[in-house]
Amino acid sequence: MSEDDSNLEEYPTEIHDHLEAFEKSLGSVDEMLKTMMSVSRNELLQKLDPLEQAKMDLVSVYTLNSMFWVYLATQGINPKEHPVKQELERIRTYMNKVKEITDKKKASRLDKGAASRFVKNALWEPNAENERTSKTPAKGKKR
């Protein structure tokens, strides 16, 4: 009997796919953490503008608290009854504020002068030339 076969007997086969996906996710998190830890925090923050710095800080603290949430769950403690829940909600509100600021920067601005010129030129205004051409029948049309 191989080692894989003995591991399969330790847990229900229905959750095997979920456990494999979880293992892949942990691997991804590990790779991202290694990448982030390879560069000093000060060096990384110097390259970012203040808004990007805030985003990075929020993602870092949210990740740390989320991992603590998972740790509590693995220890049999209900994280919904722990102060970490309020901390995650507080971080989410700040993330939403940063998102609003980012969205405002991306929003297009209305140039009122250009809009009024566009509308003015798009509207038909009757004048002597237009009246003369509108009274003559168009070519190819039968009256």
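Nearest heavy atom pair, residue Val84 against residue Pro79, reads CG1-O, 4.0 Å. In plain terms, the two heavy atoms of Ile91 and Leu58 that are nearest each other are CG2-O, 4.0 Å. Gln53 and Leu45 make their closest contact through NE2-O, 2.7 Å (heavy atoms, listed as atom of the first residue, atom of the second, distance). Of all heavy-atom pairs spanning Gly113 and Ser116, the tightest one is O-OG, 2.9 Å.
Here OG of Ser60 is found 13.5 Å from NZ of Lys55. Values are rounded to the nearest 0.5 Å. Interatomic distance, CG of Asn42 versus CD of Gln46, reported as 6.5 Å (0.5 Å rounding). Separating the OG1 atom in Thr93 from the CG atom in Leu88 is a distance of 11.0 Å, to the nearest 0.5 Å.
Hydrophobic clustering, with ILVMFWY side chains joined whenever heavy atoms are under 4.5 angstrom apart, groups Val61 together with Ile101. Met56 and Leu64 fall into different hydrophobic clusters, defined by Ile, Leu, Val, Met, Phe, Trp and Tyr side-chain heavy atoms under 4.5 Å apart, directly or through other members. Tyr94 and Tyr62 fall within a single hydrophobic cluster, where Ile, Leu, Val, Met, Phe, Trp and Tyr are joined by side-chain heavy atoms under 4.5 Å apart, directly or via other members. When hydrophobic clusters are built by joining Ile, Leu, Val, Met, Phe, Trp and Tyr residues whose side-chain heavy atoms come closer than 4.5 Å, directly or via intermediates, Trp69 is grouped together with Tyr71. In the hydrophobic cluster analysis, where Ile, Leu, Val, Met, Phe, Trp and Tyr join through side-chain heavy atoms closer than 4.5 angstrom, Val39 is grouped apart from Val59.
With respect to the salt-bridge test (charged N to carboxylate O, under 4.0 angstrom), the residues Asp57 and Arg41 qualify. A salt bridge is absent between Lys97 and Glu100: the closest approach of a Lys/Arg side-chain nitrogen to an acidic carboxylate oxygen does not fall below 4.0 angstrom. Taking the charged nitrogens against the carboxylate oxygens, Glu89 and Arg92 have no contact shorter than 4.0 Å, which rules out a salt bridge.
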**Request:** Take Thr63 and Met67, measure what side chain to side chain contact (heavy atoms under 4.5 Å, CB included) needs, and give me the verdict at the end.
**Result:** CA-CA 6 Å; Thr63 302; Met67 289 179 160; 4.3 Å; yes
**Message:** Applying side chain to side chain contact (heavy atoms under 4.5 Å, CB included) to Lys34 and Glu31, what does each step give before you reach the verdict?
**Reply:** CA-CA 5 Å; Lys34 284 179 183 176; Glu31 288 299 316; 4.3 Å; yes
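Other residues, nucleotides and ligands contribute at most 12 non-hydrogen atoms within 6.0 Å of the CD atom of Glu23.
Of the candidates Lys85, Glu87, Arg90, Glu87 is the only one forming a side-chain contact (heavy atoms from CB on, under 4.5 Å) with Asn65.
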